[in-house]
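Hydrogens, waters and symmetry mates play no part in the numbers below; they use all other heavy atoms, side chains included. Just so you know, ligand 1 is whichever comes first in the structure, and atom 1 is the first atom listed for that ligand.
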Amino acid sequence: MPRVYLETFGCQMNELDSQLVSSQLRTLGYTFTPESDQADVVLYNTCSVREHAEQKVWSRLGELALRKARQPALVVGVLGCMAEREGEALIKRMPVVDVLIGPAELDKLPGLLDNALRTRASLLSDETVQELAATPEDEKPDVSRLRSARQVALHGAGSHGTTNRRSSTLAAAADSLELLDLSRATSPDDHQGSAYVRITRGCNKFCTYCVVPFTRGAEVHRPPGHIIDECKRLADAGVIEVTLLGQTVNHYRFEHDHAVTIDGLIQPQKGRAYTHKQGVHHDPYKLAKGEDVTSFADLLFQIHEQVPAIKRLRFVTSFPRSFGDDILQVIRDCPRICRYLHVPAQSGSDTMLKAMNRGYTVAEYLEFIDRARQFLHQPEIDRPLTLAGDIIVGFPGETDADHQATADLLRRVRYKNCFIFKYSPRPGTIAEKNLVDDVPDEVKRRRNNDLLNLQTVISDEVSRSFVGQTLEVIVQGLSRREQKAARRAETAGACSTGASGTSLTIHGKPASASEHETTVPTDVPSADSAASRHAPVQLQGRTEGDLIVLFEPPVGVDPRDLLGRIVRTRIESASALSLFGTPV
Ligand code: SF4
């Protein structure tokens with residue numbers, strides 16, 4: 001079977017898509033390689049949210065165009081948001097691409113890939129391949145003559161934001177993408193104790209800078225029964241931490257009998273009174289009389305009660321508006337739900353928030369933060385609430401006063417970490433069409449650095465507040481220090497043997513490459529091999545509050561035995577980025 005190289009750009013949603021796609025292809029017999037050069041099929045799961053990620057993909061495709069002249073049987077696929085946004089224009093610009101699939105059509109990948117491979121094979125008889133291989137580089141024919149291998153599945157028109165959104169309940173109910181999540185393979189080899197579970201696809205918010213509502217379509221909420229069953233299957237496969245995913249995850253709302261939320265008619269969470277008593281809360285299989293909605297609070301509660309083997313339940317990304325008390329109450333009352341909220345503010349200026357169409361004011365955002373702290377912040381029992389945020393600097397019209405207001409917001413909220421990005425207009429978005437990108441790049445850079453420096457100080461203080469506490473840490477794999485050492489050793493080995501280095505693997509299986517910061521290689525050496533190089537292995541894990549903890553395993557403990565496990569760790573020191581501890 002063909003060997004596949006899959007590289008992922010962007011967010012957790014893309015990482016999950018890549019996991020689901022890989023698992024589906026593996027079931028069909030495809031094997032994966034961590035080396036693009038060794039692959040028969042190269043797939044890029046792309047992101048359109050930031051310009052930088054798109055530029056990387058264009059650059060990779062340019063390199064593949066050269067390679068395809070030497071290896072005409074190579075099949076190249078572009079998946080995800082960039083495929084949907086660019087549409088067939090992407091193929092016109094990069095004829096090297098054979099397969100183009102938007103994020104709402106990923107379930108079609110196996111069929112289209114198979115078609116592309118067969119078509120390409122039939123176009124390339126053995127003689128043609130040999131003839132092309134023997135042709136000097138500068139005389140090779142244009143491989144665009146093989147265009148008929150192309151396979152395209154896009155949800156909409158697929159060109160610069162003209163994608164059609166799902167506009168009816170029926171269209172969403174027939175969402176075949178659900179099958180991709182449902183058919184997920186849950187082998188213990190596919191995770192390190194942690195897994196993502198999607199609960200909502202798409203977004204209805206239309207923030208003016210964002211391409212997601214155009215590329216991923218309108219919100220579709222998965223049936224709670226499917227989500228709970230998926231959590232149970234993951235728990236049976238050894239997963240102890242589940243992260244629920246949605247673009248506005250707290251707005252999950254499944255209307256029974258309607259199957260999906262109708263585009264644009266989402267009712268805000270009302271903060272319905274929550275009673276922590278089994279049977280009073282909604283059962284997704286058997287609703288109370290007169291009730292026909294499963295809210296996000298209901299869903300959290302049901303997963304917590306029905307899948308106790310999941311020791312940590314978390315969710316991203318929260319939308320600050322309409323975050324009901326019912327959700328906060330469930331988090332407070334259910335010990336296995338993490339006290340961690342990633343809740344992007346994007347700006348500390350009301351003028352900017354309005355221009356971004358975020359739908360809340362700074363005062364409303366801060367009211368939510370205070371309310372969340374009131375419900376969930378309990379440092380006296382080692383269960384503080386930790387917060388993460390996102391900020392955009394240099395949005396059109398941003399003044400120094402707006403920028404200072406954002407700095408004030410950072411000081412007030414005290415995120416444990418905050419993703420700070422310079423604004424760049426994304427094609428097809430409302431801001432790109434209607435607003436002038438009028439903040440000079442040097443001003444954006446200066447403001448960006450200002451906020452990064454400020455956030456580093458705050459992160460450092462937040463981290464240090466954990467020193468002396470004993471925290472539960474889920475072990476994910478090697479620390480970055482160990483990863484770098486492993487890479488250096490590989491390179492040295494490759495130089496001395498002349499062999500190409502092996503990439504990092506998960507339980508001996510090739511991992512799909514990803515640029516996401518949470519990806520942790522886990523090809524952990526045994527205690528014996530660590531002892532043989534006279535250096536203790538440093539492992540990395542995460543706390544309930546998503547803080548990174550670095551520690552060395554106790555003497556005599558095989559580090560591999562700790563992967564995907566919870567280790568109680570006493571925190572001895574801290575920096576802005578990490579806590580350092582010792583297992584107790
Ligand atoms: S909430 Fe706004 S920023 Fe987030 S995905 Fe939806 S449109 Fe984009």
How about H256 and F254: are their ring centroids closer than 6.0 Å?
-> yes

Pairing residues for K444 by the salt bridge (charged side-chain N to carboxylate O under 4.0 Å, His left out) criterion, not counting sequence neighbours | D437

In this structure, are over 12 heavy atoms from other groups packed under 6.0 Å from E442 atom CD?
-> no

What residues come within 4.0 Å of ligand 1, counting heavy atoms only?
-> C203, K205, F206, C207, Y209, C210, V212, P213, Q247, T248, F319, R358

Decide whether a cation-pi geometry holds between K56 and F9; the criteria are a distance under 6.0 Å from NZ or CZ to the six-membered ring centre and an angle within 45° of the ring axis.
->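 K56 over F9 ring: no.
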
Residue pairs fulfilling salt bridge (charged side-chain N to carboxylate O under 4.0 Å, His left out) with at least one residue in residues 404-415, sequence neighbours excluded |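 For residues 404-415: D370-R412, D408-R411, R414-E461.
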
Who passes ring pair (Phe, Tyr, Trp, His ring centres under 6.0 Å) against F315, sequence neighbours left out?
-> F296

